[in-house]
4 protein chains.
Amino acid sequence: MGADAGGSTNRSRATTAKHRGNRHGRSEEARQSVLEAADGLLVEVGYTRLTIEGIAERAGVAKQTIYRWWPSKNDILMDAFVQDAAEALVPSDTADLRRDLRTHARKVAHFLTASDAGAVFRALTAQAQHDPALAARLRFEHLGKQRGYDRLPFERAIARGALDPGADIDLAVDQIMGPVYYRVLVTRQDVPEEFTDTLVDAVLDRLGGA
Amino acid sequence: MGADAGGSTNRSRATTAKHRGNRHGRSEEARQSVLEAADGLLVEVGYTRLTIEGIAERAGVAKQTIYRWWPSKNDILMDAFVQDAAEALVPSDTADLRRDLRTHARKVAHFLTASDAGAVFRALTAQAQHDPALAARLRFEHLGKQRGYDRLPFERAIARGALDPGADIDLAVDQIMGPVYYRVLVTRQDVPEEFTDTLVDAVLDRLGGA
Amino acid sequence: MGADAGGSTNRSRATTAKHRGNRHGRSEEARQSVLEAADGLLVEVGYTRLTIEGIAERAGVAKQTIYRWWPSKNDILMDAFVQDAAEALVPSDTADLRRDLRTHARKVAHFLTASDAGAVFRALTAQAQHDPALAARLRFEHLGKQRGYDRLPFERAIARGALDPGADIDLAVDQIMGPVYYRVLVTRQDVPEEFTDTLVDAVLDRLGGA
Amino acid sequence: MGADAGGSTNRSRATTAKHRGNRHGRSEEARQSVLEAADGLLVEVGYTRLTIEGIAERAGVAKQTIYRWWPSKNDILMDAFVQDAAEALVPSDTADLRRDLRTHARKVAHFLTASDAGAVFRALTAQAQHDPALAARLRFEHLGKQRGYDRLPFERAIARGALDPGADIDLAVDQIMGPVYYRVLVTRQDVPEEFTDTLVDAVLDRLGGA
DNA sequence: TTGTAATCGAGACGGTACGTCCTGTCTTAAC
DNA sequence: GTTAAGACAGGACGTACCGTCTCGATTACAA
């Protein structure tokens, strides 16, 4: 997307950070205010009443500016989500697999149920049911990386010799994360820490018992 | 909604002397053709392009007739789903817990990934993320009953003394169904029989080992 | 049209005047309340917002009862008008042509500008511009008779020898009534008594001077 | 509403006449095709079956474009009428009052009974009975000017010394025009030239005889 | 120093679908 | 056999957004 104009070139932009668009690229200011407006409106009015026109008005931006850079409402939310949630769910490393997994599962549950970014994720996951292209973006830009984080504690444990290298890590991740997402997206039950802890223990008991 | 006004209740009407005017109620024909049109169009054009006007046209029904009986597009789909999927997912009973669970998990996976009713369910679950009222209807009219079916093999096993009566059945159900729904709704991976079998075995190994 | 069931047969109805519809014919009560509801609603909400459904509700009558007896909204108003305005505009007879005409012209002006029946007449005349059938009914059931009344003072004057029998009475009526209706329907100016008196005088000066 | 964006300002627009509507103003092309469609449909299907949707379709214009610029169906017709009938009824000047009045009265009668613009005028006058705002627009944008034209022959006669300066011109206009409009709008009789000639003569005989 | 090219805001446009209102027809049960 | 009640197919209403388009202003580099 090349949407990111910040970063190492910000010295040359220091004096012109507020440009309103010219031949040399898009307005970073407009981009930011669109993403923030989308984020805010999603929380305030919900996905259904979130409109491009509403985002444009809230962002103080022309509708065409949005259409120039984003193909659809979902793509705006996707960008907003990627920007906001980039850091979130990296698991800790205490050299204690059970502890790391428990902490990580709790963090994921909290993200899904209690954070703004989680609300955006739920909305995007919902829309992805009707929109294969969005589903693909979600997979490539979020879920793949997330799967990497989810696997990380197991891989570290293997590296330090604390876990059988033949363990089926993806299965283990599905067994821990599956019930969490299931409760959040389907049954809408709470996801207390006892629940995630129990899931982790069940997986580790099987893996450890080998 | 008391959507059914015709049918078996006409006996009680014969004695109801206190009618002022017509109580002939809604047209069952119109109701059916709306539900069928909604079903068909959802499969053909997808949720996003499914419109009330399209349903009305396909059903040969006036738009107002739809609005008279259904508050929203989602409520039509909900009715269609309830009608179609009423029978579907009752587990078999072979007096073999492992076999019954494996069969049931495979049937659920097939329902979610390969049936028309499953497509409606996925669409409804997606919309329920944005619509608490729909979420409530889904819970009360489908998921509650479904949870009963999912628990049934365990309860039968307890009844016949093959399982510890203290087993946490709801947890076990979450551990089997959670990863299935997770793959369907989130990661969009296939759900092969080896996967569901493994989930069942993992749960039973723990329960049996108690 | 046969819309009128009253009149000379009302003796035989005396004992059944309040029936709500049976084998003996239409409900006079329903007919009356429809006409009154139409009248009242026309004054209250205006022609544009006058609906059959509104009339039915106000009259406490089923919509079908209206459609059974009246072909259209305008026909209801026409009946209401005929019933209300039957008596209104019969000219007095003082054996003084000028005085009779002045009085009559004033009464017509007052009818058009200040009476409820006049409001109905204006509405009907307006709709008659778009509806030839209504225009015909207006002509046959009102304007013809009204023209007779308008001519009456002249005919009486001829009969008593006070006016040349060769006078063009229709022209004279047009010259007096035309400007009155013109002000009411087109320019919406007031129609004061000085104005109608002057019109009468102008006509009589010509006729008398012949 | 400032519904008129064309007209005297079109000089400044000369170079941008083909724009399709942007921040600098509305599309003149859309405006024209709406007015023409309304005009044509009124003549073809009549006022009652004239719909905004029909106009939009015929004009090849979106419904919202109509609602953006005209508050109602009547306002469209009013604009169409003002545009079409701007030139129409200016009286000739032959320095012969009787001849000018006769010619003018004939032209007015012809306009009302035999022209497309006259059909629009009759429809508007009819609707003005139910709509005070429309009545006001008709008065200000047409009838005032028309009254000026109707008075013109008399004023010219006074200017050239052929008529008593104290003559009541408005009364004379009412006496000539009133019966014409009366026949057109109320009695629906023909308005032959003998009739208008007689009206003119009656008025002039009185004025001239003073 | 000026011209050029890309972006910006603004907003009118042709459309689609919305949810509402009313029309005129039909059916039913009550009286 | 008329009535009140009200469901029905149909169709227009006026609104909200969609995604496209043109416009004049703004800006930064290149000529």
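Since we're looking at a predicted model, the values are computed, not measured. Note on naming: letters A, B, ... go to the chains in the order of the sequence lines (proteins, then strands), and numbering restarts at 1 for each one. Below, each value reflects all heavy atoms present in this structure, side chains not excepted, and no hydrogens, waters or symmetry copies.
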Quiz item: Hey, is the side chain of Trp69(C) poking within less than 4.0 Å of OP1 or OP2 on dT3(F), counting only N and O atoms?
Solution: yes

Quiz item: On the ring face of Trp69(C), is Arg31(C) found with NZ or CZ under 6.0 Å from the centre and within 45° of the axis?
Solution: no

Self-check item: Listed nucleotide nearest any side-chain atom of Tyr67(A), set dC8(E), dG9(E), dT20(F)
Solution: dT20(F)

Quiz item: Of the nucleotides dT20(E), dC13(E), dC21(F), which one has an atom closest to the side chain of Arg26(D)?
Solution: dC13(E)

Quiz item: Arg68(A) side chain N/O closer than 4.0 Å to the phosphate oxygens (OP1, OP2) of dT7(E)?
Solution: no

Quiz prompt | From dG11(E), dT25(E), dT7(E), nucleotide with atom closest to Lys63(C) side chain | solution = dT25(E)

Quiz item: Taking only residues two or more places apart in sequence or in another chain, which ones pass side-chain hydrogen bond (donor to acceptor under 3.5 Å, both in side chains) with Lys73(A)?
Solution: none

Quiz item: dA7(F), dA12(E), dT3(F): which one has an atom nearest the side-chain heavy atoms of Thr65(C)?
Solution: dT3(F)

Quiz item: Is there a donor in the side chain of Asn74(B) and an acceptor in the side chain of Tyr47(B), or the other way round, less than 3.5 Å apart?
Solution: yes

Quiz prompt | Minimum-distance nucleotide (side-chain atoms of Gln64(A) versus dC17(F), dC8(F), dC21(F)) | solution = dC21(F)

Quiz item: Hey, are Asp39(C) and Arg58(C) close enough for a salt bridge, meaning a charged N less than 4.0 Å from a carboxylate O?
Solution: no

Quiz item: For the pair made of CD in Glu28(A) and C1' in dA28(F), what is the distance, rounded to whole Å?
Solution: 18 Å

Quiz item: To the nearest 10 degrees, how far apart in direction are the end axes of the helix from dT1(E)-dA31(F) to dC31(E)-dG1(F), each fit to five base pairs?
Solution: 0°

Quiz item: Which of residues 42-55 of chain D sit near DNA chain F, with a heavy atom under 4.0 Å from it?
Solution: Thr51(D), Ile52(D), Glu53(D)

Quiz item: What is the distance, rounded to the nearest whole Å, between atom CZ of Arg31(C) and atom P of dT3(F)?
Solution: 12 Å

